*Asks:* 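Quick one: this structure, given as structure tokens, is what I'll be asking you about.
The structure displayed is predicted, hence computed values, not measured ones. Each chain gets a letter, A, B and so on, in the order its sequence line appears, and its residues count up from 1.
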2 protein chains.
Amino acid sequence: MKEKILVVDDEAEAVELVEFNLRQAGFEVLSAADGAEALKKARTALPSLIVLDLMLPEIDGLEICRMLRRDPATARIPIVMLTAKAAEMDRIIGLELGADDYVTKPFSPRELVLRIKNVLQRGRAAAEAEVLKFGDLLIDAPRHLVSWRGKAIELTATEFKLLLVLAQRRGRVQSRDQLLRDVWEYNSLIDTRTVDTHMRRLRDKLGPAAKHLDTVRGVGYRFIEA
Amino acid sequence: MKEKILVVDDEAEAVELVEFNLRQAGFEVLSAADGAEALKKARTALPSLIVLDLMLPEIDGLEICRMLRRDPATARIPIVMLTAKAAEMDRIIGLELGADDYVTKPFSPRELVLRIKNVLQRGRAAAEAEVLKFGDLLIDAPRHLVSWRGKAIELTATEFKLLLVLAQRRGRVQSRDQLLRDVWEYNSLIDTRTVDTHMRRLRDKLGPAAKHLDTVRGVGYRFIEA
DNA sequence: ACGGCGATGTCACCGGTTTGTCACAAACCC
DNA sequence: GGGTTTGTGACAAACCGGTGACATCGCCGT
């Protein structure tokens, strides 16, 4: 239930300081010393937030930020920048690239923790994306409405929920078991193959928009944006 | 359909940053570099919201805020303040003057966008209430009156409240549990199927206007405008 | 106090829709 | 080519919402 945070910094001392304080605050902490490691861990561990030093060897922090944002699997993970000596421009560029906040070094650990909590809080509020749009496909959760090029598509309750869960977790593959847990809620009384049937019905009704629904053989299903 | 937002700041860089992010978020953006221009554009373009820097040359932000509030044409436009270095006092004064929210510089553009959306949402929420009209159907909340083509429809207290809650949340599906919570208030002593019965009675009495009441199978009920 | 009345909550039933399952065909991977 | 995984069509059971009937309750006037 603890939230994972990935700390990326090449100075071991700095990592330790941050790590200690984050654990103190009840987070689970991973760390990476360079860009390559950071990207790998971000993709595999899918942390709730990434603390990223701007000054890194080889690839610099901004570049990592860009790469994280480009990969759909990590694009939505909030990033808090750590800058050693921040000219105003750096800040702005960092934020434009999609960092969610920044702290200048030397920093007070307390401030960092507060900012991290703040960003996570914001994320939770924003995560309940009300209306999702992918090209011509519109998914409106509160209205329980799906449309393709403005034309409504009639879905049953389960079909809608299945689509919604997949779209909300877009990019990431969902196993049949996961889907059973998240869509059907009371689990495992149901055959996993039932998911297949519902996927078929969903694809039938979506028509051309079914291109967003991707089968990953041996694993499960996935919603793709493009 | 896009909402217009007026950004007032004398620093071109700041304007650009805000403008970029707001456009990204789907808003139409106007800008003004000083108070005079801001007042003029506010009056002519009537934006949905104004982002206002407190520190402006010549007239300062607070003064502009006051002037905007004094003019009936602009008095009800929400204002989000931008303060470079906010002593607590400044904030309070800003809010006392009728600013609807504030963000301190340097700020995360994401946060600004979120706050703006939030303020707009609040505005929309406040705008409803009082008297609702949908085609020939009139719902007068304070007077507890409903009419169809000018002819009054007699509703019981529960029926009225049910209709009102649905109409206020028009478009969005309400589950039976939600309705029980919001209409019956102290909940769960009551069977959720009771909602159905009241819906039936409501539909009976509304006659042709019942077309606004939509059933979403497996989920709940929804008020539709058209 | 009493009886009547409207309002409200509950129930059982019905018809239509949704949904889970199965058997089989097709696709895919080694 | 064989074994595994996924897509498909059909079907019966379960579910869900609409409906009419009924019990209860509180209010009111007599």
*Asks:* Specify the closest pair of heavy atoms between B:V216 and A:H144, including all atoms of both residues, with the distance to one decimal.
*Replies:* CG1-ND1, 4.0 Å

*Asks:* Using OP1 and OP2 only, check whether a side-chain N or O of A:R193 sits under 4.0 Å from C:dA23.
*Replies:* no

*Asks:* Just to confirm, is there a sub-4.0 Å distance from OP1 or OP2 of D:dG7 to any side-chain nitrogen or oxygen of A:Y221?
*Replies:* yes

*Asks:* Take atom CG of A:D214 and atom C1' of D:dT6, then tell me their distance rounded to the nearest Å.
*Replies:* 13 Å

*Asks:* Report the residues that fulfil ring pair (Phe, Tyr, Trp, His ring centres under 6.0 Å) with A:F20, sequence neighbours left out, ordered by chain and then residue number.
*Replies:* none

*Asks:* Could you tell me whether the side chain of A:T215 reaches within less than 4.5 Å of the side chain of A:R203, counting heavy atoms only?
*Replies:* yes

*Asks:* When B:R176 is tested against each of B:T194, B:D196, B:T192 for side-chain hydrogen bond (donor to acceptor under 3.5 Å, both in side chains), which residue passes?
*Replies:* B:D196

*Asks:* Given atom CD1 of A:I190 and atom P of C:dT21, what is their separation to the nearest angstrom?
*Replies:* 6 Å

*Asks:* Is the number of heavy atoms from other residues, nucleotides or ligands within 6.0 Å of CD (A:E16) greater than 12?
*Replies:* no

*Asks:* Mind listing the residues from residues 194-205 of chain A sitting with a heavy atom below 4.0 Å of DNA chain C? Number order is fine.
*Replies:* A:T194, A:T197, A:H198, A:R201

*Asks:* Take the angle between the ring planes of B:H198 and B:W184 and call it parallel below 30°, perpendicular above 60°, tilted in between.
*Replies:* perpendicular

*Asks:* Which pair of heavy atoms, one from A:T74 and one from A:L68, lies closest together, and at what distance?
*Replies:* OG1-O, 2.6 Å

*Asks:* Quick one: B:D191 CG to D:dA23 P, roughly how many Å, whole number?
*Replies:* 18 Å

*Asks:* For A:W184 and C:dT19, is the shortest distance between a side-chain N/O and OP1 or OP2 below 4.0 Å?
*Replies:* no

*Asks:* Tell me: CZ of A:R217 to P of C:dA26, nearest whole Å?
*Replies:* 16 Å

*Asks:* Report yes if at least one side-chain N or O of B:T156 is closer than 4.0 Å to OP1 or OP2 of C:dT8; otherwise report no.
*Replies:* yes

*Asks:* Report the stems of DNA chain C as range-with-range entries sorted by first number; a stem here is at least three consecutive pairs, Watson-Crick or G-U wobble, both distances under 3.5 Å, and write none if there are none.
*Replies:* C:1-30 with D:1-30

*Asks:* Calculate the interatomic distance between A:F160 atom CZ and C:dT19 atom P; express it in whole Å.
*Replies:* 13 Å

*Asks:* Would you say the side chain of B:L22 lies within less than 4.5 Å of the side chain of B:V113, judging by non-hydrogen atoms?
*Replies:* yes

*Asks:* Quick one: A:E159 CD to D:dC16 C1', roughly how many Å, whole number?
*Replies:* 15 Å

*Asks:* Whole-Å distance between D:dG17 P and B:D177 CG?
*Replies:* 12 Å

*Asks:* Reckon A:T215 has a side-chain N or O less than 4.0 Å from the OP1 or OP2 of D:dG7?
*Replies:* yes

*Asks:* Tell me: CG of A:L155 to C1' of C:dT18, nearest whole Å?
*Replies:* 13 Å

*Asks:* For residues A:T156 and A:E159, report the shortest heavy-atom separation together with the two atoms involved.
*Replies:* N-OE1, 3.0 Å

